[in-house]
Amino acid sequence: MNSKGIYCELVFPRRLGLLTYIVPERLREVIRPGMLVEAPLRKRSSRGVVFRLREDVENVSEMEVLEVKELLLNFPVLTEGLLKLLEWLRKYYLSEEGTILRSMVPSFLFNKKRLGSVKAQLESSQTVSDHYEASLIMEDILRTGRLLNILESRGRGGVIILAPSVEVVKKVREYLNPFYSERLILYHSMLRASELEKNYMGLLSKEPPDPIIIGMRNAVFAPIRPSMIIVLDEPSSAYKQEETPYLHARDVAVMRAYIERIPVILSSEHPSVETFYNVRTGKYRLIEPEKKARQRVQITVQRIRRNPSGNAEVLSERLLRQIEETIRKGERVLLLLPRTGYSLIYCRDCGKVLKCGCEGITIFFKEEGILRCRVCESEMTVPVLCPYCKGSGLEYRSVGIERIQEIVRNRFSISSSEGQDNIVVQTAAKTSKDGGFLMGVILDADIILNIPDFRSTERLFHEIYYLKEKLVEGGRIILQTRFPEYEVFRFLRNLDYRGYAISELRVRRLHRLPPFSRLFLLRISSRKSFNEEMLYEYLRQIHGGHIQRLNIKRKRKKAGKHQTGFLIRLPAGSSTEAMEGIISSLTTQGMDVRLEADPL
């Protein structure tokens, strides 16, 4: 580099893009991309990461550029591959580099006054692959033992294993500990701060030299040059961030593998429809199960009928007898109802359901004696009279999990902990931490199917598979619905996921839904009022975009009083430059713009 001056672009863990600084002469020979530095930001000293070095900056004199103050570590915290990944993530998720950085690097690097001493990085003794390949194994490789075979045959060098939950992380660790105890490193946000810091700093100094990193979403950014990435239970929604920049760890894993030129393996007996599509188009390689899976459980679809009063009976006399027969044998039953609370409250005089001031439906929680809005989560007392007609005809309508628990307790006289263990009531199969059930019942599958989401049938399929894993060999699943003739139940009866996925892809192609398009959820808020109609027309300038207005009921806290939202659909593979320009324009007008790519 020449002697005129060296500049660097820094990224700070804030909602900011790249900022340009000049590198002082004393640091010019040692500073490199990915290093942690200290520099002035908004009249304060802040820590950031060097994104790239430059010898010239257009239209800027050295007098106008602030200077990097200090180099905090003498080696990069972001590898070359992670820096390339950061750049791709910014473009794909249309987010600021600083927002992406917050997801990639643990916060203690930017907050702690002093960092512990770290040895200089050492090169791994193992040869890292230089061949990218994405594969889907349609089986649970942890349950079948195939995970160990993969590590034995292909696990030389560092390996990243992503799991959807802490429980699965623990299972993986227990399973691998007898074989790789010295190589195992845990990396997830549920660790104690001191343990996470120790593990992260150890990885920076390559200790152990060829780690097997087990963690949740953030482990995909582990600061190593991996030889392979494995994603367990790849359709799990837990891999999707619930806050900005709304990254999906599975998709990030695939792109990191592509950038690093290493293999990535996705594992699931019931993959996401998008992943199955990538197999069908040849983007991913399909690896068949080593053993043909037998259907371990029997699946029965039962119609939900109405009782004499006209209400749907999810706990019919027939079902109660089936439960009774099962527990009489000393076996266990798992009842699933994806609805919290006790019930809705309905007025038989005016026919209205009690709602919140935000127009969200309220749910009665009997144990707490309150109504809670399912949208804004406001709480209120239960009125004596109907607030709409002042009538006295308030009554319970629909059934929530609390009401199911009450019916079960009364019917089977359950009072002891032992009796409660025989019949377990949950909102979802994953929330039950144990298994060994002979019977599993989804009391009302229509609740899942009626979610206003094009993935609702896929969600039901995943739930059946998760329920299946809670049952013993020869167990039985009862699936209750008002519409047993619906096509998805034809596939569910035989657990024919491939047949379902092929059929679902035809439907999505017809309606131009992902993976045949991309969806973006755009939320806009402002302290000042704005013309929503003008915003809608402004967004319609996006070439090829289909814009749908949303009725935003769940208001973002700490956001402006005026909020609105839009769902934007773009053809698959189309440019997002126009949308990025519009977002930038709205931001400069003082609006707070939040964009979620590929919302779940």
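- Asp592 and Arg15 are joined by a salt bridge, as a carboxylate oxygen and a charged side-chain nitrogen come within less than 4.0 angstrom of each other.
- Atom CD1 of Ile568 is separated from atom CG of Leu521 by 9.0 Å, given to the nearest 0.5 angstrom.
- The two atoms that bring Ile363 and Gly341 nearest to each other are CG2-CA, 3.9 Å, heavy atoms only.
- To the nearest 0.5 Å, the span separating OH on Tyr93 from CG on Asp251 amounts to 5.0 Å.
- Residues passing the side chain to side chain donor-acceptor pair (under 3.5 Å) test with Glu368 are Arg372, sequence neighbours excluded.
- Here the CG-CZ distance, from Leu36 to Phe75, works out to 10.0 Å after rounding to the nearest 0.5 Å.
- Arg459 is linked by a side chain to side chain donor-acceptor pair (under 3.5 Å) to Asp453, counting only residues two or more places apart in sequence or in another chain.
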For this session: Decide side chain to side chain contact (heavy atoms under 4.5 Å, CB included) for Met591 and Ser525; before the verdict, give the C-alpha distance in whole Å, the side-chain angles of both, and the deciding distance to 0.1 Å.
Result: CA-CA 6 Å; Met591 297 184 184; Ser525 66; over 6 Å; no
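- Annotation: Tyr258, atom OH; neighbour count of heavy atoms from other residues, nucleotides and ligands within 6.0 Å does not exceed 12.
- Side chain of Ser227 to backbone of Gly158: a donor-acceptor contact under 3.5 angstrom is found.
- Annotation: Lys240, atom NZ; neighbour count of heavy atoms from other residues, nucleotides and ligands within 6.0 Å is above 12.
- Distance CG/Leu232 to CG/Leu266: 10.0 Å, rounded to 0.5 Å.
- Between the side chain of Ser205 and the main chain of Gly202, a donor-acceptor pair closer than 3.5 Å is present.
- Within a 6.0 Å radius of CZ in Arg173, no more than 12 heavy atoms belonging to other residues, nucleotides or ligands are found.
- Two residues are said to be in side-chain contact when any heavy atoms from C-beta on lie closer than 4.5 Å; Ser46 and Pro40 fail this criterion.
- Arg52 forms no cation-pi arrangement with Tyr7, by the criterion of a distance under 6.0 Å to the ring centre and an angle within 45° of the ring axis.
- Between the side chain of Gln563 and the backbone N or O of Arg523 there is no donor-acceptor pair closer than 3.5 Å.
- Looking only at distances, a side-chain donor or acceptor of Tyr175 sits under 3.5 Å from a matching main-chain atom of Gly145.
- Partners of Glu195 under the side chain to side chain donor-acceptor pair (under 3.5 Å) rule, at least two apart in sequence or in another chain, do not exist in this structure.
- At distances below 3.5 Å, at least one donor-acceptor pair connects side-chain atoms of Glu458 with backbone N or O atoms of Val273.
- Electrostatic pairing of Glu242 and Arg217 does not count as a salt bridge here, judged by no charged N lying under 4.0 Å from a carboxylate O.
- For Glu577, the CD atom counts as loosely surrounded, since its 6.0 Å shell holds 12 or fewer non-hydrogen atoms of other residues, nucleotides or ligands.
- If you run side-chain contact (heavy atoms from CB on, under 4.5 Å) between Phe221 and each of Ile100, Thr79, Leu82, only Leu82 comes through.
- Contact detail for Glu234 and Ser272: the closest heavy-atom pair is OE2-N, 2.6 Å.
- At least one side-chain heavy atom of His462 sits under 4.5 Å from a side-chain heavy atom of Tyr466.
- Between the Ser432 side chain and the Ala429 main chain, no donor and acceptor come within less than 3.5 Å of each other.
- Closest approach of Ile262 and Pro226 over heavy atoms only: CG2-O, 3.3 Å.
- Between Glu469 and Arg143 a salt bridge is recorded (basic side-chain N to carboxylate O distance below 4.0 Å).
- The shortest non-hydrogen separation linking Leu73 to Met35 is O-SD, 4.3 Å.
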Exercise. Does the pair Lys430 and Glu463 meet the rule for a salt bridge (Lys or Arg N to Asp or Glu O under 4.0 Å), with working shown?
Worked result: CA-CA 8 Å; Lys430 280 192 168 184; Glu463 184 64 13; over 6 Å; no
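- Taking the side chain as every heavy atom from C-beta outward, Met216 and Tyr187 never approach each other to under 4.5 Å.
- With hydrogens and angles disregarded, no donor-acceptor distance shorter than 3.5 Å links the side chain of Arg90 to the backbone of Thr99.
- Contact detail for Ala219 and Ile160: the closest heavy-atom pair is O-CG2, 3.5 Å.
- With rounding to the nearest 0.5 angstrom, the SG atom of Cys8 is 12.5 Å from the CZ atom of Phe51.
- Between Leu519 and Asp598 the shortest side-chain heavy-atom distance does not fall below 4.5 Å.
- Here the side chains of Phe566 and Phe520 are not in contact, with every heavy-atom distance at 4.5 Å or above.
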Exercise. Is there a side chain to side chain contact (heavy atoms under 4.5 Å, CB included) between Met138 and Leu286 once you walk through the steps?
Worked result: CA-CA 8 Å; Met138 283 191 68; Leu286 177 63; 3.8 Å; yes
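- The residue from Ile161, Val159, Leu186, Leu203 that alone fulfils the side-chain contact (heavy atoms from CB on, under 4.5 Å) condition with Ile213 is Leu203.
- No side-chain donor-acceptor contact under 3.5 Å links Glu269 to the backbone of Glu139.
- Side-chain atoms of Arg146 and Ile287, non-hydrogen and from C-beta on, do get closer than 4.5 Å to each other.
- Shortest non-hydrogen contact noted between Pro515 and Ala572 is O-CB, 3.9 Å.
- Remark: the backbone N or O of Tyr21 is not paired with any side-chain donor or acceptor of Glu67 at under 3.5 angstrom.
- Contact annotation: the side chain of Ile265 never approaches that of Val231 to less than 4.5 Å [non-hydrogen atoms, C-beta and beyond].
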For this session: Determine, stepwise, if the pair Leu10 / Val50 fulfils side chain to side chain contact (heavy atoms under 4.5 Å, CB included).
Result: CA-CA 5 Å; Leu10 300 186; Val50 179; 3.7 Å; yes
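- For the pair Arg54 and Ile6, the minimum side-chain heavy-atom distance is 4.5 Å or more.
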Problem set entry | Evaluation steps, side chain to side chain contact (heavy atoms under 4.5 Å, CB included), between Tyr132 and Val264 | CA-CA 8 Å; Tyr132 163 75; Val264 56; 4.2 Å; yes
Exercise. After noting the C-alpha distance and the side-chain angles of Lys171 and Glu167, does the key distance pass the salt bridge (Lys or Arg N to Asp or Glu O under 4.0 Å) rule?
Worked result: CA-CA 6 Å; Lys171 286 181 181 178; Glu167 289 74 20; over 6 Å; no
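- At least one donor-acceptor pair under 3.5 Å links the side chain of Ser153 to the backbone N or O of Asn149.
- Summarising the geometry, atom CD belonging to Glu596 is positioned 10.0 Å from atom CD belonging to Glu243; distances are rounded to the nearest 0.5 Å.
- Relative to the ring axis of Phe437, Lys470 does not place its NZ or CZ within 45° and under 6.0 Å from the centre.
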